Structures are given as C-alpha cells and as structure tokens.
Amino acid sequence: MSKQIKDFRGTPLRESDFQEGKVLYVHDALRGEYAWDTGIAIGHYLAGLKKGVILGARCDHCRKIVVPPRTVCEWCFRPLTEYVPLQDTGTVNTFSICYVTWDVKRIEKPEIPAVIEIDGASPGHGILHKLGDVNPEEVTIGMRVQAVWKPAEEREGAITDILYWRPLKEVKKR
Amino acid sequence: MGMRKVAVVGAGMTKFVRRAQETGKELSWEAVRMALDSCEMTIDDIEAVCMGTAPDAFDGLHMKAEYLSDGAGAWLKPYMRSYVGGGTGIFAPIQGWYHVASGLFDTCLVVCEEKMSSFYPHAQAAFLTIFDHTTERALKPNLLWIFALEMNRYMHTYGVRKEDIALVSVLHKRNAADHPCALLGEPDITVEDVLNSEVLAWPVQRYDVSPVSDGAVAIVLAAEHVARRITDKPVWIEGVGWCLDTAYWTNRDLCYPRYVEVAARMAYEMAGITEPRKQIDIAEPYDPFDYKALHHLEGLQLADRGQAVQLYIDGTAARTGNMPVCPSGGLLGVGNPIAAAGLMKIAELFWQLRGEAGARQVPGNPRRGVAQAWGDLMQVGTVVVMGR
Ligand SMILES: [Zn+2]
C-alpha cells in the first residue's frame, strides 16, 4: 500500500563507485559471431541489388507489391512467388537527423535515416535507408529521392550496394 | 466465456534507479516481499508465478528467468516467463490473469524485473539486434532512429507541434516528483527545458526520452472467492487484450498504432466498455517517449487521431483533470526498467483505485483505469482494464 509504505528498497550506485573500486564487480566480454543465410526472398532481393535493381514481391490475390520481398503475404497468408523490379526512386515517408551514435556519443556530421517509399511498390511500402548529398535542413517528408549506387564492380549483394538516397531532380516531361 | 473473476490484491515495487547495487534476483525478492506483505500473504499461499523480463542479452545471462526464479518466489512452483518486448510489463499480468481466470490456480504472483545497467557501455547496444540482420543492420542503425522516424511521421501527419508534445514530458516528470520510487521526478521542469535539451535524433531530444533503469515490481492475483477473503478492496482485472502488427515496420503507417487499437478493443469488449472516454477514469499509457503517450492514447480510443495533445493543453490529463494520464509519473518520470515499468502502471492503478496513492492520489474516487504497454519493432500492444 503505497502511502503506508515508507521504506522502498533499492540501493542506487554511481559509475564512479565502480571506477573508484567502492563496489566489487566482474567484467566479461561475451563474444558471439554469426553467419546468417539470406533465406529465399531476401536472397533474391540481394541478388537484385547486386545488379542495381530493387525487387519487390507481388501478391495477385491482394493486388499488392511489397518491399523487401518475402515468401508469404501477411494479408492473405498465400505464397508470394513473383518478384518484380521496382524503380530506384521514391518518396521520403519519414526521416530523422541523428546527432549521436548508438551509445549516445556526439557525431560531427549528422546521419539522416529515412523510410523511403519505393516507386512501383504499393503505397506506403518503404525500406529503411539513409539520405545523403543534401542539407539536413532541406529534407522534408514527401521529398522525392533517388538511389545512389555503388559502382557495379564493387557491389556485393547487400543493402549497402545503395550508398544513400539523394534528392531527385525530376525531368519535367512536356 | 466461462472465465473466473480475477483481482489484484497486493502490489510492491523497488525504487527505480539508474544502477542498483542489488542483483536482479535481490530486486525481485524485495518487490515480491512487499507485495505479499501488503496483503498479508506468504509465499506458501502462492500457487503459480509469472515472470516478465527482457532479453537475456541485457544481463549477459542465458535463461535469465530461471536465474531470477528463487528471488521471484518460484521455487517448486509452476513458473513461466513471458517476453513481448516493451509490452512485457502489461503482458505478464495478462498471463497471470489467465492462469487464474482459467480455473487452473486460485492465486498467482506476477513479477517483472529489469536490470539494464549491467550492459556496457550502454543498454542501447542490446537493442541493436532487433533490426533485420540482412536488410537493416548493415546500415548501422541506432535504436533512436525508429522512434525519431515514428515521431516525425506522427507530427507531420497530424500537424502536432513539438512544443505541445513537450507538455507530456513536463506533466509526467512533475507527477513523478510525488512518487517515492521515481528516478527522474522534476517538480519544476518546463516546456522550455524540454525544448532546450540536447538534440539526440531530431525530433527526439534528451527530455523526450525516459531513462534506462534498474528495478522490480510484483503484484498478487487471486480468484474471486480468495480475493474476498484477503481484502475488502479487491481491484478487478476487467479486460485484457494484446496484439502484434507486422515486423515489416517500414510497410505500415507509423502515424497510428493500430495494434494498440486492436488490443484495446479486445480489452474494452471484455470489460463491457462501449464509451472509453466516458468510462475510463485514469489512463496509464506507455510513455518511453513523450509522443508515445499521445500515440497510445489515440490507439486506446481515448482521443481522436492527432488530438491527444489537447488533453494536455486543456488540463484533462492533469492529476486533477477529468481523465488523468500517468498520475504515477510514467516511464518518463519514474523510470524505464522495461518489463518492471509496465507492471508499475498496473501497481499504480491498483493503488489509485483503492485510494492509497498518497500524494499522487487522483481525486474523486476513480472507479476504472486502463494501463497499456508497447514494444518490439514498434508492433506490439498490451492492454489491461482494471476496476473496483
Ligand atoms: Zn496477399
């Protein structure tokens, strides 16, 4: 009973208690190494990236094209067997301007992660990637962007075969 | 459905601290002992134990729940651990509820423990492995990214302003100043303080975020016939719900948590709630970030989409308002030891609905509350409705 309890337990420590040896502790670094096979659908996706193509997967039943591709449609639970090439252009669905590393150290040049809706996929279907070649203050949701690929001979079949996405200068058709 | 009524009859918790000297086992025991003492029960009265705790990676200890079991009072008892990411602290009591509602047990102890400080140099790294190892981790993502991406999408879709979202952090941290276990209660914090805090991953700033912590919470559940012998103030679990959305998080609109809506509708239907905005007196939505409280209030159907911030602007969410939100101080103020933080919300409703919340007490004899948690890759919603 909260108001009747006066003595809540729990003893706070500071980082300095460790550094100054005020508490005993053990330190260990756990090593884990993994080799992940890509699976079937992502295997196709990565092979596509190596060729400079972003692949989606089509569900004829739901009339949806999803990216990244997968072997089952979560909407109808039917198999997805058809891979379709998408455009390497898209629209920024959302973005962030990140000034820290994962362990909250400041970084000088901010990173701009974004969810990019890929042209040719169903509306709202995007991937996580990064923006570049752009002033962070000029990035907006809805901005049109284009993939900047690694040179073909350097691609290895990885999401990093796309270096980043930069603002798209649309060629106006007459 | 032929299920029995289940009540919360006791609750206990440790302080939430940045780093506790006690081990997870010791923290669990302190919370359990307090919960049992609060309802004058002993461990012999407990028929089963449910444990909620985060991935083993936090502690670098495989089979962590088994390690914690002695402290949690599970020796030689039916024992089960659940883990649904940040949603765990509300899922563990749901699991305890169905242990009792099913008729299998008359009493069940629910314990949630988290010790995030062991991980060096920062528990954030333990979260990095939630991203897809092939399509996302190669980009070297930072956990803050997904929250910043979601917050920006939310703000953009509904035109919600950062200076209004900051009101959430201000209210919760001020509320926490009245919580004896709080890590970050700040009675005098202002919107300016939040807006001037360090930018981590825009739009997320330092004071938009809850602090990682160590801590444990325990509650005692009992079937109706037992509960009425134990206490004249049982707080009933009236409805439960949970739901998981797709792991392809870049394929859904981050502006609205439909998985919370599904979970809430399940819980409301069970509780006979048809008009949640009128029938819920206190809300404890999950608030690891300030915008998340708004997101979740909307998923819980307690505000229209994009409108939850109005509850803070017009005072509805204040402790003295028509529907207080996070009178505990929430994760933003009390602290965020993942699983323990969720169960803290259940303990808060228990104390509030019994009129025992002390300086935090919501006036007007509140009758019913809802607690909710969220987690995984922004995809799980867990909801419990409690009433007296
Ligand atoms: Zn389908």
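Quick caveat, the model's predicted, so the values are computed rather than measured. To find a chain, count down the sequence lines: A is the first, B the second, and so on, and within it residues start at 1.
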Audit row: R137(B), I159(A), side chain to side chain contact (heavy atoms under 4.5 Å, CB included) steps and yes/no: CA-CA 9 Å; R137(B) 247 193 275 173; I159(A) 190 64; over 6 Å; no
Please step through side chain to side chain contact (heavy atoms under 4.5 Å, CB included) for the pair E111(A) and W145(B), ending with a clear verdict. CA-CA 10 Å; E111(A) 289 185 293; W145(B) 286 10; 3.6 Å; yes
Side chain to side chain contact (heavy atoms under 4.5 Å, CB included) for T134(B) and Y45(A)? Distances and angles first, verdict last. CA-CA 10 Å; T134(B) 305; Y45(A) 185 55; over 6 Å; no
Show the numbers, then the answer: is there a side chain to side chain contact (heavy atoms under 4.5 Å, CB included) between R106(A) and E198(B)? CA-CA 10 Å; R106(A) 301 298 293 179; E198(B) 181 188 12; 2.8 Å; yes
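A donor-acceptor pair under 3.5 Å is formed between the side chain of R153(B) and the backbone N or O of N93(A). Formation of a donor-acceptor pair under 3.5 Å by the E22(B) side chain with backbone atoms of T11(A) is found in this model. Counting only distance, with no hydrogens or angles, the side chain of T250(B) and the backbone of G126(A) share a donor-acceptor pair below 3.5 Å.
Minimum heavy-atom separation, P12(A) to V17(B): CB-CG1, 3.9 Å. Between M34(B) and D7(A), the closest heavy-atom pair is CE-O, 4.0 Å. Here the shortest heavy-atom pairing between T160(A) and A138(B) reads CG2-O, 3.6 Å.
Between Y248(B) and V67(A), the closest side-chain pair of non-hydrogen atoms is not below 4.5 Å. Counting heavy atoms from C-beta on, the side chains of L200(B) and Y99(A) never come closer than 4.5 Å. Between R33(B) and R9(A) the shortest side-chain heavy-atom distance falls below 4.5 Å. Contact annotation: the side chain of T135(B) never approaches that of I127(A) to less than 4.5 Å [non-hydrogen atoms, C-beta and beyond]. Here the side chains of N142(B) and V100(A) are in contact, with some heavy-atom distance below 4.5 Å. Counting only heavy atoms from C-beta outward, the side chains of V23(A) and Q21(B) approach each other to under 4.5 Å. Considering only heavy atoms from C-beta on, Y154(B) stays 4.5 Å or farther from T94(A) through its side chain. By the 4.5 Å heavy-atom criterion applied to side chains, T14(B) and F8(A) are not counted as neighbours.
For the atom pair CD of E15(A) and OG of S117(B), the computed distance is 9.5 Å after rounding to the nearest 0.5 Å. To the nearest 0.5 Å, atom CG of residue L149(B) and atom CD1 of residue I141(A) are 9.0 Å apart.
Within 6.0 Å of OH in Y207(B) there are 12 or fewer heavy atoms belonging to other residues, nucleotides or ligands. Heavy-atom contacts from other residues, nucleotides or ligands closer than 6.0 Å to CD of E137(A) number 12 or fewer. Other residues, nucleotides and ligands place more than 12 heavy atoms under 6.0 Å from the NZ atom of K150(A).
Of the two parts of D253(B), neither the backbone nor the side chain holds a non-hydrogen atom closer than 4.5 Å to a non-hydrogen atom of chain A. If you measure heavy-atom distances from L128(A) to chain B, the contacts under 4.5 Å come from both the backbone and the side chain. For I42(A), the part lying under 4.5 angstrom from a heavy atom of chain B is the side chain only. For a residue to count as touching a neighbouring chain, one of its non-hydrogen atoms must lie under 4.5 Å from one of that chain's; by this rule Y120(B) touches chain A with the side chain only. Contact of A29(A) with chain B is not made at all, since no heavy-atom distance falls under 4.5 Å. Proximity to chain A (any heavy atom under 4.5 Å) is shown, for M151(B), by neither the backbone nor the side chain. Both the backbone and the side chain of L139(B) come within contact range of chain A, with heavy atoms under 4.5 Å apart. Contact of L46(A) with chain B is made through the side chain alone, with heavy-atom distances under 4.5 Å. For a residue to count as touching a neighbouring chain, one of its non-hydrogen atoms must lie under 4.5 Å from one of that chain's; by this rule T101(A) touches chain B with the backbone only.
Under the 6.0 Å distance and 45° angle rule, R19(B) counts as a cation-pi partner of F18(A).
The greatest number of non-hydrogen atom pairs below 4.5 Å with chain A, out of Q361(B), H133(B), M13(B), E136(B), is found for H133(B). Across L128(B), L27(B), L143(B), the residue that shares the most heavy-atom pairs under 4.5 angstrom with chain A is L128(B).
Below 30°, between 30° and 60°, or above 60°: for F95(A) and W202(B) the angle between ring planes is below 30°, a parallel geometry.
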